[in-house]
Amino acid sequence: MMNSKNTDMVEIAGWVHEIRDLGGIRFLLVRTRDDIVQITFSKRKVSSELIDKVKTISRESVIRVKGIISKDERAPNGFEVIPNSLDILAIAKSPLPLDPTDKVVAELETRLDQRFLDMRRPKIKSIFMIRSLVVRAIRDFFYKKDFVEVNTPKIVSIATEGGAALFPISYFDKEAFLNQSPQLYKQILMSSGFERVFEIGPIFRAEEYSTRKHLNEATSIDIEMSYADDNDVIRLLEELIIYIYRYINTNADRYLKTIGIDLKIPTRPFKQVSYDEAIEIVNLEWGDDFGSLEEKKLGSVIGEHYFIREWPLKSKPYYTMPLEKDRKILSKSFDLMHPRVELASGSQRINDYELLKKQIEMRGLNLDNFSFYLDAFKYGMPPHAGWGLGLDRLIMTMLDLDNVREAVMFPRDRRRLVP
RNA sequence: GCCCGGGUGGUGUAGUGGCCUAUCAUGCGGCCCUGUCGAGGCCGCGACUUGGGUUCAAAUCCCGACCUGGGCGCCA
């Protein structure tokens with residue numbers, strides 16, 4: 001919001017971040033989207049009319065100031081503005097529900113209740129400025145790789161994968177659900193010949209969990225790629241993660257500084273462990289799934305991003321390509337793990353109609369519900385692979401946030417529906 | 001769904017039966033102050049989630065409700 005009118009005159013509009021009144025001199029710190037600028041009202045240099053006006057301003061009021069830039073070593077960042085005019089655009093009521101200057105840090109719950117104010121804080125705003133840049137990096141990456149960006153329906157008739165609970169909604173006279181994943185649709189698009197698609201969109205899970213890593217509405221980055229296998233999309237995922245980290249490191253330096261993060265860029269290739277190796281490390285029986293404790297242990301043993309590959313077929317969804325190895329029924333599947341949390345999971349998919357039907361039936365699901373999906377496999381479905389990556393968790397792990405809700409502007413969790 | 005914590009001014013806290021007309025910080029109001037940048041000094045304002053119970057006496061102990069933090073399960 002700093003528009004230089006000529007070399008000296010500036011106009012600044014923003015919130016009154018702090019007021020320091022020393023009697024004969026009064027400092028207003030005005031906060032714009034990206035900066036905090038000091039406006040200095042001294043009796044010597046500013047009219048008494050303006051001095052009287054500035055006395056009526058409360059913290060977090062919105063003002064517009066026109067004045068002259070003055071270099072002064074005593075000012076923060078070495079300059080300040082000596083005002084010629086002052087418009088009070090909106091007076092803020094008092095007391096404030098929380099303190100945007102970080103002198104007293106409110107709890108997350110209070111902050112989320114007053115999210116509009118919370119996001120005025122430079123640290124919090126920086127999270128979302130970075131999140132925007134991450135999304136930009138993702139689009140950048142996929143467009144360069146000749147992917148097509150798509151939008152699939154969020155109102156659907158059936159569960160995508162079983163497993164997670166769905167939110168039922170009423171769709172005129174029919175029952176419908178909020179989609180838990182774009183999985184089925186992005187696969188159908190492979191049959192339509194788009195070859196490489198990606199989508200950045202919301203997914204909904206009705207699980208009643210209440211943890212630091214779960215949301216009931218999350219943002220998923222999903223891709224699907226024809227003529228690719230699990231290895232191909234693993235490489236692509238690695239490449240994307242590193243692209244994002246690099247992009248943020250070079251384009252979001254100021255925001256990283258504000259948050260106080262020194263971003264370490266992961267190195268390729270990421271470590272890989274097979275499911276069999278992983279259960280060995282954490283002492284599980286073959287066929288067991290990893291609990292939180294095991295996930296933590298694996299994370300601390302490996303210490304950086306890694307893949308867990310070749311999961312037992314039965315612990316992955318029906319569309320996962322089977323893999324027979326050492327007389328065990330595994331799958332061409334993988335999870336991308338951060339030491340703290342799972343970030344992504346993917347696989348090569350089944351593209352054979354009969355095999356897919358068999359896998360759906362084996363899981364006790366009703367084939368009739370899947371006809372719109374299965375039809376796409378009847379008339380020439382290329383081999384393909386893909387994955388889904390949780391954007392919110394990616395931001396959480398990248399910026400070392402304690403709670404995934406910190407990475408979402410208006411999070412939806414077990415209890416929170418407002419704001 | 002299970003287990004363990006917690007609800008004290010606007011915000012963040014101290015306080016484990018009487019010393020509480022409740023601590024401290026921040027904030028807000030007033031006064032002083034021309035270089036603040038966690039401004040400072042003085043004065044003032046503002047709170048025990050809720051319903052029962054125990055007790056001479058409850059912020060404090062017990063039970064319920066509501067809200068809430070963490071862990072587990074499940075999940076991405």
Side-chain angles (χ1 to χ4, degrees), chain A residues 17-29 36-46 51 55 58-60 70 72-80 82 92-114 117-118 121 159-166 180-183 202-222 289-296 315-317 334-338 340-346 387-394 396-397 402-405 413-416:
Chain A
H17 188 66
E18 278 191 78
I19 301 168
R20 298 203 190 94
D21 177 11
L22 278 68
I25 189 165
R26 185 179 291 245
F27 302 101
L28 253 61
L29 301 185
I36 293 177
V37 176
Q38 175 163 290
I39 318 292
T40 303
F41 294 77
S42 73
K43 276 184 182 163
R44 266 208 308 268
K45 293 182 184 164
V46 174
I51 297 282
K55 285 181 183 165
S58 55
R59 287 165 76 227
E60 293 305 312
S70 159
D72 194 318
E73 284 178 5
R74 294 170 298 183
N77 307 319
F79 78 95
E80 60 193 2
I82 310 300
K93 289 203 195 308
S94 178
L96 298 163
L98 56 83
D99 175 18
T101 63
D102 290 342
K103 281 177 194 156
V104 180
V105 180
E107 288 184 2
L108 183 57
E109 200 60 24
T110 310
R111 290 172 39 209
L112 292 176
D113 282 341
Q114 310 293 337
L117 254 186
D118 188 44
R121 296 164 57 206
T160 309
E161 334 190 354
L166 300 180
Q180 66 181 124
S181 151
Q183 184 62 33
I203 56 171
F204 304 91
R205 310 275 160 111
E207 298 291 339
E208 295 194 12
Y209 31 52
S210 151
T211 74
R212 290 185 291 173
K213 57 184 182 183
H214 287 102
L215 293 164
N216 291 294
E217 178 177 358
T219 301
S220 177
I221 300 144
D222 266 272
D289 278 317
F290 299 93
S292 299
L293 290 175
E294 288 80 24
E295 242 178 60
K296 247 174 239 167
S315 43
K316 287 289 170 185
F334 59 89
D335 282 4
L336 170 62
M337 308 295 297
H338 178 275
R340 285 180 64 192
V341 72
E342 177 182 343
L343 290 180
S345 74
W387 42 252
L389 165 66
L391 177 63
D392 317 290
R393 284 184 174 185
L394 176 69
M396 171 177 80
T397 54
D402 287 337
N403 194 312
V404 71
R405 279 169 272 195
D413 60 44
R414 172 80 180 84
R415 299 191 184 91
R416 183 173 291 278

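Residue numbering restarts at 1 for every chain, and letters A, B, ... go by the order of the sequence lines.
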How many whole angstroms separate atom [atom1] of [X] from atom [atom2] of [N]?
X: A:I36; N: B:U36; atom1: CD1; atom2: P; result: 18 Å
X: A:I19; N: B:G29; atom1: CD1; atom2: P; result: 8 Å
X: A:L98; N: B:C28; atom1: CG; atom2: C1'; result: 16 Å
X: A:R44; N: B:U34; atom1: CZ; atom2: P; result: 10 Å
X: A:R393; N: B:C75; atom1: CZ; atom2: P; result: 12 Å
X: A:Q114; N: B:G27; atom1: CD; atom2: P; result: 18 Å
X: A:E18; N: B:U36; atom1: CD; atom2: P; result: 14 Å

Distance between the [atom1] atoms of [N] and [M], in whole angstroms?
N: B:C20; M: B:G53; atom1: C1'; result: 23 Å
N: B:G30; M: B:A14; atom1: P; result: 32 Å
N: B:A47; M: B:C28; atom1: C1'; result: 15 Å
N: B:G7; M: B:U11; atom1: C1'; result: 15 Å
N: B:C66; M: B:G52; atom1: C1'; result: 15 Å
N: B:G9; M: B:G51; atom1: C1'; result: 23 Å
N: B:C32; M: B:A39; atom1: C1'; result: 14 Å

Residue matched to B:U50 through Watson-Crick or wobble contacts both under 3.5 angstrom: B:G64
For B:C42, the Watson-Crick or wobble counterpart (both distances under 3.5 Å): B:G30
Residue whose nearest RNA chain B nucleotide is more 5′ - A:T110 or A:G291: A:T110
Position toward the 5' end of RNA chain B (nearest nucleotide), A:L215 or A:K45: A:K45
Sugar-phosphate only, base, or nothing, as touched by A:K103 at under 4.0 Å among non-hydrogen atoms: sugar-phosphate
Touch class at under 4.0 angstrom, heavy-atom based, for A:A344 against every strand present: nothing
Distance below 4.0 Å between A:R414 side-chain N/O and B:U68 OP1 or OP2: no
